[in-house]
Amino acid sequence: MHRSLFRFALGATLAAGVIPAAAQNATPSSNPKISLILVGGYADYSSRAPAEVSGVLLGPETDLAPAGLSVGETELVVDANVDDQFHGWATVALANEDGETVVELEEAYFNTLALPLGLAVKGGRFFSDIGYQNHVHAHGWDFVDLPLVYRALLAGQLNDDGVQMRWLAPTDLFMEFGAEILRGGQFPAGGERRSGANSLAAFWHLGGDVGASQSWRLGLSHLAADADDRRTGEAADTGFTGDSDVRILDVVWKWAPEGNVTRTSLVANAEFFWREEEGTLVSDPDGAAVASAYEGKQRGFYVQGAWQFMPRWRAGLRYDRLDAADNEIPNNPAGEFNGLLDDSYAPQRVAAMVDFSNSEFSRLRVQLARDETRPAGEADTQLFLQYILSLGSHPAHQF
């Protein structure tokens, strides 16, 4: 059952993605696999207003792609088996911010290869395995951008320094449990003074096959994060100190006739987020500070599907929605926190895309979206053109 499930998942990844397969041999290697991912394109927005999400304090690096032509994030990946017990992975991201090239160590971790009893350990800096899309690198997304709930509630994707343990249960159905102990240096934790472990995460996955043409997976995740003067807002002018809890339910279903993904296939998935925060908000922490107790409750979800309707061609549709109407701020002098109390509507987005993969190494995509996330529900029509090119060998993504 495990083998058939993941054989199907691997085939779907290769047919729908731009990443070639690379077997993870359990023998020592002095020649690491090196790959370079090139991403870029064009963006046009009907509204020139700042990117906001009503009722939510956005974290860092949550701006939309710049208007016009631009180079996206370039990703350099190196991975290899260290020996028969350990595998290593490093990802370096290069991005253009305000005209300057910024180099960021996105991931740098080791995996164990041969622990007994279905156990595995990962340590270093890595994307957390909470949710379904959090661990997927940008070039593996089915759309140009992440769903709204990721942008609003996780500031994109959660990656942090820490250690993860997984256990694969010896059952007919695929079942795994995992836990992560994280430094808590990234949103929704964060702050200037970080030491020890300030975030804890746990996840559970259950999956299986339905005949020879279908497979599915269900997941539950919980992130408990401690924030210490976490700065948010466009100018980092609001600080939050307190607890942030994020719960995620995710489900994915994959279909291909008799498991053959070379011609047609369909991948549908959805995630439901619940976030609760409790603590203290401070406006203008470095100046004339105004403080208030804060209880924030945000909920949101997305539903999306990507259909390969003929070889190399796919079409996709996604709907995002966020509800942030239950925030409580007892002390709000001079309307400092009015943006968090706007409950006049629920932010939402609709996006449609079509992409063409000339091979597993290249993809061209066009995406059109209607964004209604700003205060007062101001609509923004967004057009994106994107290219994704893969140079070198890169492992296939997870299910």
State, with a plain yes or no, whether a side-chain heavy atom of [X] is found less than 4.5 Å away from one of [Y].
X: Val39; Y: Glu73; answer: no
X: Asp355; Y: Met353; answer: yes
X: Thr373; Y: Arg349; answer: yes
X: Phe126; Y: Glu106; answer: no
X: His205; Y: Arg217; answer: yes
X: His139; Y: Leu38; answer: no
X: Leu364; Y: Ile388; answer: no
X: Arg247; Y: Asp245; answer: yes

Assess the residue pair Gln298 and Asp323 against the criterion (side-chain hydrogen bond (donor to acceptor under 3.5 Å, both in side chains)); give the C-alpha distance rounded to whole Å, side-chain angles, the decisive distance to 0.1 Å, and a yes or no.
CA-CA 6 Å; Gln298 294 101 32; Asp323 181 3; over 6 Å; no
Main-chain N/O of [Y] paired with [X] side-chain donor or acceptor, under 3.5 Å:
X: Asn111; Y: His87; value: no
X: Asp83; Y: Phe86; value: yes
X: Ser199; Y: Ala225; value: no
X: Asp209; Y: Gly211; value: no
X: Asp226; Y: Asp243; value: no
X: Tyr387; Y: Ser362; value: no
X: Ser47; Y: Asp380; value: no
X: Thr112; Y: Ala114; value: no

Check this for me, if you would: do Asp229 and Arg231 make a salt bridge, where the nitrogen-to-carboxylate-oxygen distance has to be below 4.0 angstrom?
yes
For [X] against [Y], the heavy-atom pair lying closest together:
X: Thr280; Y: Ala291; value: CG2-CB, 4.4 Å
X: Ala227; Y: Arg230; value: CB-CB, 3.9 Å
X: Asn260; Y: Ala256; value: O-CB, 3.6 Å
X: Arg314; Y: Ala306; value: NH1-CB, 3.7 Å
X: Ala155; Y: Thr62; value: CA-CG2, 3.5 Å
X: Leu317; Y: Ala352; value: CD1-CB, 4.0 Å

State, without any angle test, whether [X] and [Y] hold a side-chain donor-acceptor pair at a distance under 3.5 Å.
X: Gln157; Y: His137; answer: no
X: Thr264; Y: Gln308; answer: no
X: Tyr45; Y: Asp371; answer: no
X: Gln367; Y: Arg365; answer: no
X: Trp141; Y: Gln133; answer: no

Any link between [X] and [Y] through a network of hydrophobic side chains (Ile, Leu, Val, Met, Phe, Trp, Tyr) touching at under 4.5 Å?
X: Leu69; Y: Val144; answer: no
X: Trp204; Y: Met165; answer: yes
X: Tyr302; Y: Phe384; answer: no
X: Leu115; Y: Trp167; answer: yes
X: Leu182; Y: Ile248; answer: yes

Please round to the nearest 0.5 Å and tell me the distance separating atom [atom1] of [X] and atom [atom2] of [Y].
X: Tyr294; Y: Phe240; atom1: OH; atom2: CZ; value: 7.0 Å
X: Asp250; Y: Asn269; atom1: CG; atom2: CG; value: 8.5 Å
X: Phe301; Y: Glu271; atom1: CZ; atom2: CD; value: 12.5 Å
X: Leu391; Y: Ser35; atom1: CG; atom2: OG; value: 9.0 Å
X: Leu249; Y: His222; atom1: CG; atom2: NE2; value: 14.0 Å
X: Ser128; Y: Phe203; atom1: OG; atom2: CZ; value: 7.0 Å

Parallel, tilted or perpendicular: which one describes the rings of Trp307 and Phe309, with boundaries at 30° and 60°?
tilted
Can you classify the ring geometry of Tyr109 versus Trp89 as parallel (below 30°), tilted (30 to 60°) or perpendicular (above 60°)?
parallel
Arg151: which residues meet the side chain to side chain donor-acceptor pair (under 3.5 Å) condition with it, sequence neighbours left out?
none
Using the side chain to side chain contact (heavy atoms under 4.5 Å, CB included) rule, pick out the option among Asp160, Asp161, Thr91 that qualifies with Arg125.
Asp161
Does the cation-pi check pass for Arg318 over Phe143, that is, NZ or CZ under 6.0 Å from the six-membered ring centre and within 45° of its axis?
yes
Applying side chain to side chain contact (heavy atoms under 4.5 Å, CB included) to Phe174 and Leu168, what does each step give before you reach the verdict?
CA-CA 8 Å; Phe174 167 75; Leu168 180 63; 3.5 Å; yes
Can you list everything that forms a side chain to side chain contact (heavy atoms under 4.5 Å, CB included) with Glu278? Sequence neighbours excluded, please.
Glu295
Out of Arg299, Lys297, Arg275, which residue meets the salt bridge (Lys or Arg N to Asp or Glu O under 4.0 Å) rule with Asp326?
Arg299
Count the heavy atoms of every other residue, nucleotide or ligand shown that sit under 6.0 Å from CG of Leu76, and state whether that count exceeds 12.
yes
Hey, mind stepping through Asn96 and Thr101 against side chain to side chain contact (heavy atoms under 4.5 Å, CB included) and telling me if it holds?
CA-CA 5 Å; Asn96 187 355; Thr101 300; 5.6 Å; no
Chi angles and distances behind the side chain to side chain contact (heavy atoms under 4.5 Å, CB included) call for Ile130, Val246
CA-CA 10 Å; Ile130 61 171; Val246 182; 5.6 Å; no
Applying side chain to side chain contact (heavy atoms under 4.5 Å, CB included), run through Asn134 and Tyr150 and close with a yes or a no.
CA-CA 8 Å; Asn134 189 80; Tyr150 274 93; 3.8 Å; yes
